[in-house]
2 protein chains.
Amino acid sequence: MAQDISSQVLKGILQGVILMILNKKAEYGYGLSQEMNRYGLSSVPKGTIYPLLTAMEKRGFITGKRKASTLGPTRKYYYITATGKQEKDRFIQEWSQLQKSVNTLIKEESHD
Amino acid sequence: MAQDISSQVLKGILQGVILMILNKKAEYGYGLSQEMNRYGLSSVPKGTIYPLLTAMEKRGFITGKRKASTLGPTRKYYYITATGKQEKDRFIQEWSQLQKSVNTLIKEESHD
DNA sequence: TAGACTAGTTTGCTTTACAAACTAGTCATT
DNA sequence: AATGACTAGTTTGTAAAGCAAACTAGTCTA
């Protein structure tokens, strides 16, 4: 398994990543965290993820609904909104632009 | 020209980008800012870039030397250190891992 | 009943981001 | 010689983020 991505680099894109996951299916904070691990996005601390989800709800990108679980405490599932989908698309565009810029820099340094 | 990258997304990688540019040649803050624009990395505010350069010098990644300019105030040129080169390589690895993870997510959503 | 795992909230500290104000140099107009 | 535009850097003050840690609380197994 590849090395973990430092929270430093992950910071800016965390919201975008969450929106992409929630666009596929509704998830709750704890599950989201595990889902990200599966994608190689190293464990985001709960002190970061839960407040971020709350902030994203305030911004109108997602909505949360509490649901009881048969195997633990109640979960708070988050659903992406129409605004959230727009924001997700905006993120994808920005990401592709960023990729281009950074990869150009990396390529230049390797064949100098 | 493509749309600008929000400071939000740029945040985590700003230090890595600066290290890559300084690895090619020494630069001063203002010139660095213009160089980044050329790579499509939208104008980083001076309130961010100058303090970051100072912090990077404290961390030992770069060293600054003042040099007079014939066409303006004195400039502070920054040179990458051996530690900085290590950090730069670490960044490149992390970046490639991040790219894999995020692109997997994007691909999945497009063919669902 | 104690420990492990799940699930979420809240608090408090530290770091970061950055607009804005300020100093200071050159150069072209007016 | 004064004004404005561009270059170049520092400092200050505020706001926002990140997150460890403490706390509550549910299930399940030993």
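Here is the naming used below: chain letters follow the sequence lines, and residue numbers restart at 1 for every chain. Side-chain atoms are counted along with the backbone in the values below, which use heavy atoms only and exclude waters and symmetry mates.
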- salt bridge (Lys or Arg N to Asp or Glu O under 4.0 Å) filter on B/K76, not counting sequence neighbours, yields none

- Test B/V17 against every option in B/E35, B/K88, B/M36 by the side-chain contact (heavy atoms from CB on, under 4.5 Å) rule and name the one that passes. B/M36

- Message: Is there a side-chain contact between A/L32 and A/L22 in this structure, where contact means two heavy atoms from C-beta onward sitting under 4.5 Å apart?
- Response: yes

- Query: Quick one: does B/V44's side chain get under 4.5 Å of B/N37's, heavy atoms only?
  - Reply: no

- chain B on DNA chain C: first and last contacting nucleotide, 5' to 3', under 4.0 Å to a heavy atom? C/dT16 to C/dC27

- Message: Does any part of the side chain of A/Y39, heavy atoms only, come nearer than 4.5 Å to the side chain of A/M20, both counted from C-beta?
- Response: no

- Query: Tell me, which of residues 64-72 of chain A have any heavy atom that sits under 4.0 Å from an atom in DNA chain D?
  - Reply: A/T70, A/L71, A/G72

Validation: residues 47-63 of chain A side-chain donor-acceptor distances under 3.5 Å, sequence neighbours left out:
from, atom 1, to, atom 2, distance (Å)
A/T54, OG1, A/Y50, O, 3.1
A/E57, OE2, A/G64, N, 2.9
A/R59, NH1, A/Q15, OE1, 2.6

- Message: Measuring only between side-chain heavy atoms, which start at C-beta, is A/Q99 closer than 4.5 Å to B/V102?
- Response: no

- Query: Is a side-chain donor or acceptor of B/S101 paired with a backbone partner of B/Q97 at a separation under 3.5 angstrom?
  - Reply: yes

- Position toward the 5' end of DNA chain C (nearest nucleotide), A/T54 or A/P73: A/P73

- Looking at side-chain heavy atoms only, is the closest gap between B/Q86 and B/R90 below 4.5 Å? no

- What pairs of residues pass the ring-ring contact (aromatic ring centres under 6.0 Å, His included) test when at least one of them lies in residues 67-97 of chain B, not counting sequence neighbours? A/W95-B/W95, B/Y28-B/Y77

Using the 3.5 Å cut-off, write out each protein N or O paired with an N or O of nucleotides 11-20 of chain D and the distance between them.
from, atom 1, to, atom 2, distance (Å)
D/dC19, OP1, A/S7, OG, 2.5
D/dC19, OP2, A/T48, OG1, 3.0
D/dC19, O5', A/T48, OG1, 3.4

